[in-house]
Amino acid sequence: MEHKWQENLPQDLKQKIAEVDEQIAPRLQQIDEQTLYNQQRVLNLFAENHVAEEDLVGSTGYGYDDIGRDKLEKIYAGYFKTEDALVRPQLTSGTHAITTALFSQLYYGDTLYYMTGMPYDTIQEVIGLVGDNPGSMKKRGINFKCTDLLPNGEVDYEKVEKDLADDPTIKVVTIQRSLGYSNRASFTLKKIKKMVETAKRLAPQAVVFIDNCYGEFTETEEATFFGADLMAGSLYKNAGAGIAKTGAYIVGREKLILDCAAQLIVPGVGKSEGATYGYLRDFYEGFFMAPHTTGEALKGMIFTAALLEKMGMDTAPKWNAPRTDIVQTVTFGKPEPMVQFCAAIQHYSPMNAFVDPEPSYQDGYEDKVIMASGSFTEGSTIELSSDGPLRDPFTLYIQGGLSFQHVKIAIANAVRDTFFQN
């Protein structure tokens, strides 16, 4: 059967796509079943909380008595099975939400500990490991410690035992779910469950915090189901479904959420302030659509992995491996095809398709970075995008996709432009 969308693709590539479509069909069905389950949970929470038109209006000024905001936070707490939540447009990104949560628990002389190795670039800037930024943890007298991962990318539990033993200054144990710009696999919830249990046993004085960026709705459970105390993520990743135009969330124990609110707004006021102006409608609709949109992105990344594997590329995760986020990596080994593939994704985006991305230095990153993002919301990574630092082994990080169809078209043409051009 000839597919009209494939008119400009070479015959060999068309054949590979046909093989991939047959190969991944059962896996896509599994994603659809997962999406149905997560969608039902969200739908039930909307009904239980009596969401109505008046909840979508938002507030101005101080934001007192914002019923829609409070109700939305109950829905988030319900979905993640936590005592409370903070869902605000004043949280400008996932990194901001993570920073707010960490600073709410750490004071001079305290230690922030990462069980999952070195955090990704922007958090390194927050901690003060790189750069010389005002307001970093280092400048505030907060210490940092991490346990390097094993060569296979797994947690080194033997070393964790030693690093956590008898150190009462460790006040936050952080688990980074997604891989950042590392070459390890993202951690599935089965693995995170063991990490949380280990942290609770070895550092009972510490808050266990989850960096959940890219992870929401990718499985039928969340890390907070296993006893994590705090967790944060962005609304212009999975939880906003490409509809939310700003914002982030923090969920967790009630006392800790109040600490986060005091850090974000002001001590003594906390959650009772924070106007939502015109954002609530997008926040509600985005969260409602999040299971479906995340499922579309997952299916797109499965297709991406399978097709690139057909091309002999090194991918992670493999097309049939368990998935716990919306990120797919492909390693090129040299910069030229990495930049070319990234440019092709830009050229098959709905916005700025005419732009040729160029490697450049970005705030928060130490290396030149190549980025493609023709998204409707700036920086949205639930929309199809790709990026990566130009450093060995030249790995491109592809993520998102509001629709499976868009991902399929863009990736097929990126493969053509990168591998089939004379």
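When reading the values below, keep in mind they use all heavy atoms of this one structure, side chains included, and skip hydrogens, waters and symmetry mates.
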Between Gln328 (side chain) and Pro317 (backbone), is there a donor-acceptor pair under 3.5 Å? yes

Step by step, would you call Glu221 with Lys193 a salt bridge (Lys or Arg N to Asp or Glu O under 4.0 Å)? CA-CA 11 Å; Glu221 296 176 306; Lys193 182 176 186 290; over 6 Å; no

Is a side-chain donor-acceptor pair under 3.5 Å present for Ser178 with Asp325? yes

Is the closest basic N to carboxylate O distance between Asp229 and Lys200 below 4.0 Å? yes

I'd like to know if Glu53 pairs up with Arg281 as an ion pair, taking the criterion as any Lys NZ or Arg NE/NH1/NH2 lying under 4.0 Å from an Asp or Glu carboxylate oxygen. yes

Side chain to side chain donor-acceptor pair (under 3.5 Å) between Ser373 and Ser375, worked out: CA-CA 5 Å; Ser373 179; Ser375 58; 3.1 Å; yes

Can any side-chain N or O of Thr116 pair as donor or acceptor with the backbone N or O of Gln176 at less than 3.5 Å? yes

Parallel, tilted or perpendicular: rings of Phe80 and Tyr76 (30°, 60°): tilted

Classify the side-chain pair Gln23/Asn320 by whether it contains a donor and acceptor separated by less than 3.5 Å. no

Show, in sequence, the C-alpha distance, side-chain angles and deciding distance for Glu154 and Lys191, and conclude whether the side-chain contact (heavy atoms from CB on, under 4.5 Å) test is met. CA-CA 9 Å; Glu154 298 295 337; Lys191 293 179 180 180; 2.6 Å; yes

Considering only NZ, NE, NH1 and NH2 on the basic side and carboxylate oxygens on the acidic side, decide whether Lys74 and Asp70 come within less than 4.0 Å. no

Please confirm whether the backbone N or O of Thr220 pairs with a side-chain atom of Gln34, one donor and one acceptor, at under 3.5 Å? no

Check: Gly215 main-chain N/O paired with Thr218 side-chain donor or acceptor under 3.5 Å: yes

Side chain Ser93, main chain His96, donor-acceptor under 3.5 Å: yes

Scan side-chain atoms only and decide if Tyr113 and Asp167 contain a donor-acceptor pair under the 3.5 Å cut-off. no

Determine, for Arg177 against Glu222, whether the closest basic-nitrogen to carboxylate-oxygen distance falls under 4.0 angstrom. yes

Ring pair (Phe, Tyr, Trp, His ring centres under 6.0 Å), that's the test. Do Phe217 and Phe287 meet it? Break it down for me. CA-CA 10 Å; Phe217 302 99; Phe287 198 69; 5.4 Å; yes

If only side-chain N and O atoms count, and only distance matters, is there a donor-acceptor pair under 3.5 Å linking Asp417 with Gln340? no

Does Thr276 use its side chain to pair, donor to acceptor, with the backbone of Ser59 at less than 3.5 Å? yes

Pairs satisfying side chain to side chain donor-acceptor pair (under 3.5 Å), at least one member in residues 241-250, at least two apart: Asn212-Tyr249, Glu216-Tyr249, Lys245-Asp282

Is Lys310 salt-bridged to Glu19, going by a charged N under 4.0 Å from an acidic O? yes

Around atom NZ of Lys318, are there more than 12 heavy atoms from other residues, nucleotides or ligands closer than 6.0 Å? yes

Gap between atom CE of Met313 and atom CG of Leu396 - 0.5 Å precision: 9.5 Å

Taking the side chain as every heavy atom from C-beta outward, state whether Asn143 and Asp110 have any pair of such atoms under 4.5 Å apart. no

Given side chains that start at C-beta, do those of Ile326 and Asn238 come closer than 4.5 Å, heavy atoms only? yes

Lys/Arg cation over aromatic Tyr107: Arg140, 6.0 Å, 45° cone: no

Checking Val330 against Asp314 for the side-chain contact (heavy atoms from CB on, under 4.5 Å) test, could you report, in this order, the C-alpha distance in whole Å, the side-chain angles of both residues, the deciding distance, and whether it holds? CA-CA 6 Å; Val330 55; Asp314 181 15; over 6 Å; no

Backbone N/O of Ala101 and side chain of Gln263: donor-acceptor pair under 3.5 Å: no

Please tell me if the side chains of Leu235 and Val87 come closer than 4.5 Å, counting only heavy atoms from C-beta onward. yes

Residue Lys145 excluded, over 12 heavy atoms near NZ under 6.0 Å: yes

Please evaluate residues Val42 and Met289 with respect to the criterion side-chain contact (heavy atoms from CB on, under 4.5 Å), reporting the C-alpha separation (whole Å), side-chain torsions for both, the decisive distance (0.1 Å), and the verdict. CA-CA 9 Å; Val42 170; Met289 290 297 297; over 6 Å; no

Side-chain contact, heavy-atom cut-off 4.5 Å: Phe303 with Trp319? no

Is it the case that the ring center of Phe46 lies less than 6.0 angstrom away from the ring center of Tyr79? no

Any Val172 side-chain heavy atom under 4.5 Å of Leu106 side chain: yes

For Phe332, give me all partners under ring-ring contact (aromatic ring centres under 6.0 Å, His included), at least two apart in sequence or on another chain. Phe341

Do Tyr236 side-chain atoms and Thr92 backbone N/O form a donor-acceptor pair below 3.5 Å? yes

Pair Arg69 + Asp55: basic N to acidic O under 4.0 Å: no

Stepwise side-chain contact (heavy atoms from CB on, under 4.5 Å) test for Leu102 and Met137: CA-CA 10 Å; Leu102 295 179; Met137 291 183 181; 3.6 Å; yes

Distance only, no hydrogens: is a donor on one side chain within 3.5 Å (strictly under) of an acceptor on the other, for Asp356 and His347? yes

Kindly indicate whether the side chain of Leu91, heavy atoms from C-beta on, has any atom under 4.5 Å from the side chain of Thr100. yes

Which is it for Thr111 and Thr169 under the side chain to side chain donor-acceptor pair (under 3.5 Å) test, yes or no, and what are the steps along the way? CA-CA 5 Å; Thr111 298; Thr169 70; 2.8 Å; yes

Determine, stepwise, if the pair Asp163 / Thr147 fulfils side chain to side chain donor-acceptor pair (under 3.5 Å). CA-CA 7 Å; Asp163 287 347; Thr147 298; 2.6 Å; yes

Answer yes or no: is there a side-chain heavy-atom contact under 4.5 Å between Ile345 and Ile411? yes

Inter- and intrachain pairs under side chain to side chain donor-acceptor pair (under 3.5 Å), touching residues 293-309, at least two apart: Asp32-Lys299, Glu296-Lys299, Glu309-Thr315

N/O donor-acceptor pair under 3.5 Å between Arg323 side chain and Thr188 backbone: no

Strictly below 4.0 Å, N to O, side chains only: are Lys190 and Glu219 in salt-bridge contact? no

Look only at the side chain of Gln346 and the backbone of Asn352, and say whether a donor-acceptor pair between them is shorter than 3.5 Å. yes

Take atom NZ of Lys138 as the centre, draw a 6.0 Å sphere, and report whether it contains more than 12 heavy atoms from other residues, nucleotides or ligands. no

Indicate whether any N or O donor in one side chain lies under 3.5 Å from an N or O acceptor in the other, for Thr395 and Thr331. yes

Please examine the side chains of Leu402 and Leu384, heavy atoms only from C-beta on, and report whether any two atoms are closer than 4.5 Å. no

